[in-house]
There are 2 protein chains.
Amino acid sequence: MNDDAMDLRARNKQATREAIGHAALRLAIEQGPHGLALVRVHDIATAAGVSPRTYNNYFSSREEAICAFQADQSKRAGQALRSRPADEPLGQAVVAAMIELYTNPEPDRAGLRMIMLTPELEGEALKAFSMAEGPLAEAIAARTGTDLRRDLFPAVTAAAVAGAIRVAGRHWLESADAGPFAAVLRHALSCVFAPGA
Amino acid sequence: MNDDAMDLRARNKQATREAIGHAALRLAIEQGPHGLALVRVHDIATAAGVSPRTYNNYFSSREEAICAFQADQSKRAGQALRSRPADEPLGQAVVAAMIELYTNPEPDRAGLRMIMLTPELEGEALKAFSMAEGPLAEAIAARTGTDLRRDLFPAVTAAAVAGAIRVAGRHWLESADAGPFAAVLRHALSCVFAPGA
DNA sequence: CGCACTATATGCGTGCCGCGCAAGTTGTGA
DNA sequence: TCACAACTTGCGCGGCACGCATATAGTGCG
């Protein structure tokens with residue numbers, strides 16, 4: 001995670017990936033959800049300062065590049081949960097970890113709009129959010145002392161959490177006066193962990 | 001739903017869509033998860049008895065065609081829940097409806113393997129399963145008398161249910177001796193509706 | 001029944017894209 | 001300093017999504 005922990009090659013690689021992803025998302029936002037087809041691979045590569053061929057070494061589709069940021073963020077969900085104190089109840093730990101992960105910093109409205117509300121990006125967006133499920137399920141299993149392969153609880157809970165995050169994002173985008181994302185997210189996650197409510 | 005309820009055009013259209021989707025999935029299964037690139041659009045169209053251009057009038061990618069069956073099934077989730085008696089508790093109704101929908105008939109192992117375990121299909125597969133969420137959320141909101149736009153509960157629950165169905169499918173595929181899909185599905189859904197367990 | 005209208009199927013052409021291949025370039029480790 | 005490995009880039013090929021124009025088939029009315 002820390003740059004110092006990687007050698008030069010790994011750092012350059014990560015920097016290039018982020019540059020391409022950032023450029024792709026920025027260009028997509030400029031064209032809006034209805035002009036995605038106008039975002040050419042050549043433009044993304046040029047904006048990121050690499051050749052089109054290099055862009056293709058990192059991503060195999062524009063959609064993947066545009067959603068890379070969300071994907072990378074979701075991949076850290078397991079780590080986020082593990083960083084919570086071990087004696088905290090599962091529900092509280094998950095809520096706190098997800099709020100920490102997804103509201104630090106506060107999400108960019110334009111970027112999230114592009115990713116979640118563009119039909120052509122739907123598949124990649126779902127992929128990006130669902131990338132939290134695997135690591136999350138492992139962390140939940142570790143925390144509850146259950147076996148991932150015998151018990152469905154960790155995987156189902158992880159999927160429910162990922163779904164709640166998606167729903168929270170959509171709701172936060174669609175209602176202008178929903179307040180900070182953290183509040184919406186907490187509300188959504190409470191539906192998962194307090195079913196009687 | 002019933003063929004008689006549609007005029008000739010609509011019936012032909014549906015038949016063509018199903019023919020293409022069926023051909024696409026069949027050819028994909030023949031090549032296996034690692035040979036997806038070998039399934040050419042031309043082959044799908046020929047196998048379905050239409051021109052490649054017509055195939056493209058129905059689907060805008062091979063992936064979409066291959067997952068069409070799952071997508072169509074998921075779209076019926078709302079209707080399935082609505083067909084349950086109104087006085088049944090939410091959890092029971094959802095479980096019964098989803099088991100009715102997704103185990104009638106028993107899922108085809110090869111087809112589900114192809115759709116869920118092929119990396120290139122991951123996005124479309126997620127899309128296919130998530131298509132249940134909208135209708136399901138509406139049906140849940142109607143059943144619980146809540147407002148979809150004010151309360152996140154229906155949408156979050158729908159997402160959790162869709163996630164549980166996915167997890168159940170994966171688990172059913174990966175463990176050879178998991179018994180009938182209905183049992184696995186019931187187990188997965190119980191994690192959503194009986195959180196204390 | 002026959003006719004005007006509309007929806008669907010098909011052929012063709014175009015531009016873009018993903019990726020294999022083979023240099024060229026830059027970091028790495030002894 | 002040098003040999004090796006990783007990464008970048010240019011080139012070219014096969015394939016695909018889709019617009020447009022045309023042929024065909026279903027529909028509803030007089």
Side-chain angles (χ1 to χ4, degrees), chain A residues 3-25 27-28 31 33-68 118-124 127, chain B residues 3-25 27-28 31 33-68 118-124 127:
Chain A
D3 285 1
D4 309 322
M6 308 188 286
D7 62 358
L8 223 198
R9 282 210 173 128
R11 256 182 296 150
N12 282 341
K13 217 173 152 179
Q14 171 119 351
T16 302
R17 180 183 163 88
E18 283 173 9
I20 298 174
H22 182 76
L25 181 54
L27 293 179
Q31 298 296 334
H34 303 293
L36 214 179
L38 302 181
V39 179
R40 309 267 183 248
V41 162
H42 175 266
D43 304 328
I44 299 175
T46 300
V50 297
S51 79
R53 188 61 185 82
T54 297
Y55 144 89
N56 220 34
N57 286 339
Y58 285 85
F59 301 104
S60 56
S61 73
R62 279 163 304 167
E63 294 78 10
E64 194 181 336
I66 294 172
C67 298
T118 301
E120 293 99 316
L121 292 179
E122 191 182 346
E124 276 298 323
K127 248 172 82 175
Chain B
D3 286 2
D4 310 321
M6 309 187 285
D7 62 357
L8 223 198
R9 284 208 174 130
R11 257 182 296 150
N12 283 340
K13 215 171 154 180
Q14 171 118 352
T16 301
R17 180 183 163 87
E18 284 173 8
I20 297 175
H22 185 261
L25 182 54
L27 292 179
Q31 298 297 334
H34 304 293
L36 215 178
L38 302 181
V39 180
R40 310 264 182 253
V41 162
H42 175 266
D43 303 327
I44 298 175
T46 301
V50 299
S51 79
R53 186 64 185 83
T54 297
Y55 145 88
N56 222 27
N57 286 340
Y58 285 85
F59 301 105
S60 56
S61 73
R62 279 163 306 164
E63 294 78 11
E64 195 180 337
I66 294 172
C67 298
T118 302
E120 293 99 318
L121 292 179
E122 190 182 346
E124 276 299 323
K127 249 173 81 175

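Order of the sequence lines fixes the chain letters, A, B, ..., with proteins taken first and strands second; residue numbering starts at 1 for each chain.
In this structure, the nucleotide among D:dT27, D:dC20, C:dC17 sitting nearest to the side chain of B:R53 is D:dC20. If you check C:dT8, D:dC16, C:dG18 against the side chain of A:V41, the one that comes closest is C:dG18.
Counting all heavy atoms, side chain and backbone alike, B:E64 lies closest to B:E124 at CA-OE1, 3.7 Å. When all heavy atoms of B:A47 and B:A23 are compared, the pair lying nearest together is CB-CB, 3.9 Å. Taking both residues in full, the closest heavy atoms of A:G123 and B:K127 are given as N-CD, 3.7 Å, listed atom of the first, atom of the second, then distance. What you find for B:T118 and B:P33 is that their closest heavy atoms are OG1-CB, 3.4 Å. Nearest heavy atoms, A:V39 versus A:L27: CG2-O, 3.8 Å.
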side-chain contact (heavy atoms from CB on, under 4.5 Å) evaluation trace for A:E18 with A:Q14: CA-CA 6 Å; A:E18 283 173 9; A:Q14 171 119 351; 3.1 Å; yes
Worked verdict on A:L36 versus A:I66 for side-chain contact (heavy atoms from CB on, under 4.5 Å): CA-CA 10 Å; A:L36 214 179; A:I66 294 172; 4.0 Å; yes
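Between A:K13 and D:dA6 there is no side-chain N or O to OP1 or OP2 distance below 4.0 Å. Between B:T54 and C:dA9, a side-chain N or O to OP1/OP2 separation shorter than 4.0 Å is absent.
Between A:L36 atom CG and D:dC18 atom C1' there is a gap of 16 Å when expressed in whole angstrom units. Atom-to-atom, CG of B:D7 to P of D:dT27 comes out at 5 Å; the value is rounded to the nearest Å. Across the protein-nucleic acid pair, A:H42 atom NE2 and C:dC16 atom P stand 11 Å apart, rounded to whole Å. Whole-Å rounding puts the B:L38 CG to C:dG20 P distance at 12 Å. When the P atom of D:dC7 is taken as reference, atom CD of A:Q14 falls 13 Å away, rounded to whole Å. In this structure, the CG atom of A:D43 is 9 Å from the P atom of C:dC17, given to the nearest Å. Summarising the geometry, the separation between OH on B:Y55 and C1' on C:dT8 is reported as 18 Å, rounded to the nearest angstrom.
For the pair B:T16 and A:A37, both in contact range of DNA chain C, the more 5′-proximal nearest nucleotide belongs to B:T16.
Near DNA chain C, defined here as any heavy-atom distance below 4.0 Å, the residues from residues 56-64 of chain B are B:N57, B:Y58, listed numerically.
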Distances for protein N/O vs nucleotides 23-25 of chain D N/O pairs under 3.5 angstrom?
none

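Within the 3.5 Å criterion, the main-chain N or O of B:R62 finds a donor-acceptor partner in the side chain of B:Y55.
Here the straight-line distance linking atom OG of B:S61 with atom CD of A:E120 works out to 11.5 Å at 0.5 Å rounding.
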